[in-house]
Peer 1: 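I'd like to ask you about the structure that follows.
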Amino acid sequence: MIAPPPLPARPAHVVYVTATDYGLSLPDTLNAGATTFRVVNRGRELHHVLFVRLAGGHSAADLARAMKGDAPPPRWAELDGGPNGVSPGDTSLATTVALRAGHYAALCMIPGPDGVPHVAKGMITDLVVRPAAYPVAAAMPANDATITMFDYGYRSSTPITRATREVVVRNDGAQPHEIELARLLPGKTMADLAAWAQKMDSPPPAEFIGGVSPLAPGKSNDLALSLKPGHYAMLCFLPDAKDHAPHIAHGMVHEFTVQ
Ligand SMILES: [Cu+2]
């Protein structure tokens with residue numbers, strides 16, 4: 001009997017997902033286990049990848065239909081994160097998702113200037129995850145900080161600095177949450193970013209560098225950081241379950257400076 005080779009501490013390969021206006025290109029089949037993704041944005045609008053695990057034999061097309069209008073994801077769809085929004089022309093930070101065998105949809109929920117989420121323009125595709133030969137949890141990378149998301153805010157186990165590399169991001173809230181990481185352009189403030197986010201119809205006062213796409217309560221992703229000096233904000237744009245206002249309006253913003 002041949003033993004499987006030992007697993008590297010960090011997954012050796014990265015799956016690059018190409019985003020265009022309006023499509024996502026990625027493999028249609030992957031193996032279960034900790035899988036690291038980066039989004040390459042070849043479009044003119046902001047894009048991310050959100051992995052949604054589908055139960056009950058549902059497909060990506062079923063999910064697209066169920067999410068028409070402003071409807072929240074249905075009960076059979078579990079938000080599993082992924083690499084969050086990255087500015088046009090850039091490649092996102094690497095985000096690791098513990099894929100489990102089954103059927104997923106990969107999609108972009110970010111709206112354009114017209115307010116229509118990209119998923120409604122066809123930016124959604126099916127992903128089949130095959131069973132792996134080893135336990136999924138064993139392959140998640142080691143980490144040096146944990147960021148906890150809650151209703152409504154972020155808590156970091158240790159300050160985020162230039163030296164911070166692997167971060168576990170976990171949702172301890174009762175609602176889904178995300179981390180969108182923005183680096184403010186020189187001279188711009190959080191107020192400028194908040195004002196821009198209301199309409200998104202002008203060039204943003206920040207660079208979006210990725211993060212963790214929406215995660216269901218209790219779920220986690222790993223985020224690989226390598227931050228250059230600057231003024232950053234992590235934000236959650238998800239609509240609130242009660243008043244539908246984006247979570248940034250409930251104070252879900254964390255500003256920090258990297259020296
Ligand atoms: Cu949130």
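Just so you know, ligand 1 is whichever comes first in the structure, and atom 1 is the first atom listed for that ligand. Because only heavy atoms are used, hydrogens play no part in the values below, and waters and symmetry mates are left out as well, while side chains stay in.
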Peer 1: Considering only heavy atoms from C-beta outward, does the side chain of L30 approach that of V15 to under 4.5 Å?
Peer 2: yes
Peer 1: Can you see which heavy atom on T158 is nearest to which on S156, and at what distance?
Peer 2: O-OG, 2.6 Å
Peer 1: Is the CE atom of M109 crowded by more than 12 outside heavy atoms at less than 6.0 Å?
Peer 2: no
Peer 1: Tell me, yes or no, whether the heavy-atom count around K121 atom NZ, taken from other residues, nucleotides or ligands under 6.0 Å, exceeds 12.
Peer 2: yes
Peer 1: Hey, which protein N/O/S atoms does the Cu ion (ligand 1) have under 2.8 Å?
Peer 2: H177 ND1, C236 SG, H247 ND1
Peer 1: Are there more than 12 heavy atoms of other residues, nucleotides or ligands under 6.0 Å from atom CZ of R42?
Peer 2: no
Peer 1: May I ask you to decide if the ring planes of F256 and H254 are parallel, tilted or perpendicular, using 30° and 60° as cut-offs?
Peer 2: parallel
